[in-house]
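Worth saying up front: this structure is predicted, and the values here are computed from it rather than measured. Whatever order the structure lists ligands and atoms in, that order sets their numbers, starting from 1.
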Amino acid sequence: MIDYTEKIPNNVDLGRDRVLQRALEHWQPAYMSWWYDMGPTESHNYEVYLRTAITVEPDGWAKFGYVRMPEYRWGIFLQPRNVERTVTFGTHKGDPAWQEVPGEYRSTLRRVIVTQCDTEPASVEQQRMLGMCCPSLYDLRNIFQVNVEEGRHLWAMVYLLHRYFGRDGREEAEALLERRSGDVDNPRILGAFNEPTPDWLAFYMFTFFTDRDGKFQLSALAESGFDPLARTCRFMLTEEAHHMFVGETGVSRILQRTCEVMREHKVEMPGDVRALGVIDLETMQKYLNFHYSVTIDLFGSDASSNAATYYTTGLKGRYDETKIEDDHVLAEEVYPLFEVVGNKIVEKKVPALTALNERLRDDYIHEIQAGVDRWNRVIENAGISFRLRLPHKGFHRAIGNFAGHFISPDGEVLTKEAWQNHERDWLPAPEDHAFVQSLMTGRVVEPGKFANWIAPPIRGINGQPLNFEYVRFN
Ligand code: BYC
């Protein structure tokens, strides 16, 4: 059990390292100040029915109860150490896993940790206004749960920076509280984390698509030969599952509500559907296209020498590395990539080591497709013929081989003009955003009530009923 009377709850024996403890206690007020400025708007007096980690054991790792959010106990939890763990891939394969940072990999490792870490506060910043237009208390509680846990993930990574990277690490930890999502002068590091999340449909799409990038990246880092990073990421993954659940069920509930209204009123045309106060399926497809394309950019360039270095040096593995049956060195392997030649997309085999970003992206796409299939079953069960589709992986890309090309959702290489002629059919236009936001002008906070554009969930949180008072406003 984690001791919650400590200033910084932890299972890393922080009390034994006074210097580190003081450094983190010094960072804590800066974090709180960031939370007050950039955390959920107007939430400081609310009491929220939240889960808090109390142990890192797989069963019963969290407890539920009301918490005033600024008093949430953001702690540092690592999965317990396995003393026999070895590096499982790359040139150090078979060596004992590192408990300290290997000097020669210090700056590379720091860069990977900072990039991961930067996404956590970014997402809180992106979502900070959404509580003001929530569709129910249940959903409000869920977004707050996601937000406090992203805050905890920031703590998890900042611990690594402070503990293992000395002064540079402390400076990076400060910079993490200074960058701002979407800021022109000091933006967040990765593209998708500078995009606004202006409404709840965007929020659910983000938690379905982008949090799942988090899952895949954390899984790859959980294979790291640097053991403290691996153990940190393992525990973060436990919390991540709920975030993706919020996204998948959120979109699913919107689809269900739209389909119910379409059937009840026998309407199909987007304008008629919108007139009934629900989100048309065509708009859902456009949001999907946007969130999918900006999220697959997060995996980096298709061919990347950085990715090869991360792997060979044992710092970042593949998804489910230890379950893959091959030599875990990949010196001889090849992997297919796609590139645009003239007006065609052609396959090209490259050394598998350089294609590791693409491979992780493909693993991700495979899992995403299964989620989209589940959404389509909601539409199919309502007897409606529309189907959601993942666009071609070259569609609307800003990173990698497809960047600078104009690829249609069907995978056709177009001219810039032809693409622009269709852009409004494929991506949310300002009027689509305006419509979605017009449904979300105020918040629905009566226990058990849900906004007209979304169906209630099947069950409440932690066995509580749907009309439970998930948030008390005081
Ligand atoms: N936007 O060699 P390349 C999550 C940069 S989400 C802007 O292809 P590499 C979460 C790249 O940084 C998971 N820049 O890159 C979700 C590099 O710059 P430097 C986050 C981009 O290194 C929801 C340059 O382009 N975790 O946890 O192979 C809520 C050359 O690129 C982008 C991680 O990403 C982009 N989209 O791969 C909350 C894991 N893509 O360094 C949380 C850690 C690339 O040359 N990060 N660039 O200046 C990594 O493993 C790698 O940095 C990347 C990029 C996979 C992101």
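- Inclusion of Gly191 in the set of residues having an N or O under 3.5 Å from an N or O of ligand 1 is warranted.
- Distance check, rounded to the nearest 0.5 Å: CD of Glu125 to CG of Asn194 gives 9.0 Å.
- Scanning the protein for heavy atoms near atom 52 (O) of ligand 1, the closest one is Thr115 CG2, 3.8 Å.
- Regarding atom 10 (C) of ligand 1, its nearest protein heavy-atom neighbour is Thr119 OG1, 3.7 Å.
- The closest protein non-hydrogen atom to atom 54 (C) of ligand 1 is Gly300 CA, 4.1 Å.
- Atom 13 (C) of ligand 1 has as its closest protein heavy atom Asp213 OD2, 3.3 Å.
- The closest protein non-hydrogen atom to atom 17 (C) of ligand 1 is Asn306 ND2, 4.3 Å.
- Nearest to atom 26 (N) of ligand 1 by heavy-atom distance, out of Arg361, Gln116, Glu240, Met157, is Gln116.
- Side-chain contact of Asp425 with His422: a donor-acceptor pair under 3.5 Å is present, judged by distance alone.
- No donor-acceptor distance shorter than 3.5 angstrom exists from the side chain of Arg152 to the backbone of Thr52, with no hydrogens or angles considered.
- For atom 16 (C) of ligand 1, the closest non-hydrogen atom on the protein side is Thr210 O, 3.4 Å.
- Between Phe144 and Tyr46, the two ring planes are tilted [angle within 30° to 60°].
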| query | Given Glu150 and His243, is the side chain to side chain donor-acceptor pair (under 3.5 Å) satisfied, shown in steps? | reply | CA-CA 10 Å; Glu150 300 303 3; His243 306 187; 3.2 Å; yes
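- Residue Ser304 places at least one N or O, backbone or side chain, under 3.5 Å from an N or O of ligand 1.
- The protein heavy atom nearest to atom 36 (N) of ligand 1 is Asp297 O, 3.3 Å.
- For atom 19 (P) of ligand 1, the closest heavy atom belonging to the protein is Arg111 NH1, 3.8 Å.
- Contacts of Phe299 with ligand 1, taken as heavy-atom pairs under 4.0 Å, involve the backbone alone.
- Contacts between Lys316 and ligand 1, counted as non-hydrogen atom pairs separated by less than 4.0 Å, involve the side chain only.
- Ring pair Trp419/His396 is parallel by interplanar angle, where below 30° counts as parallel and above 60° as perpendicular.
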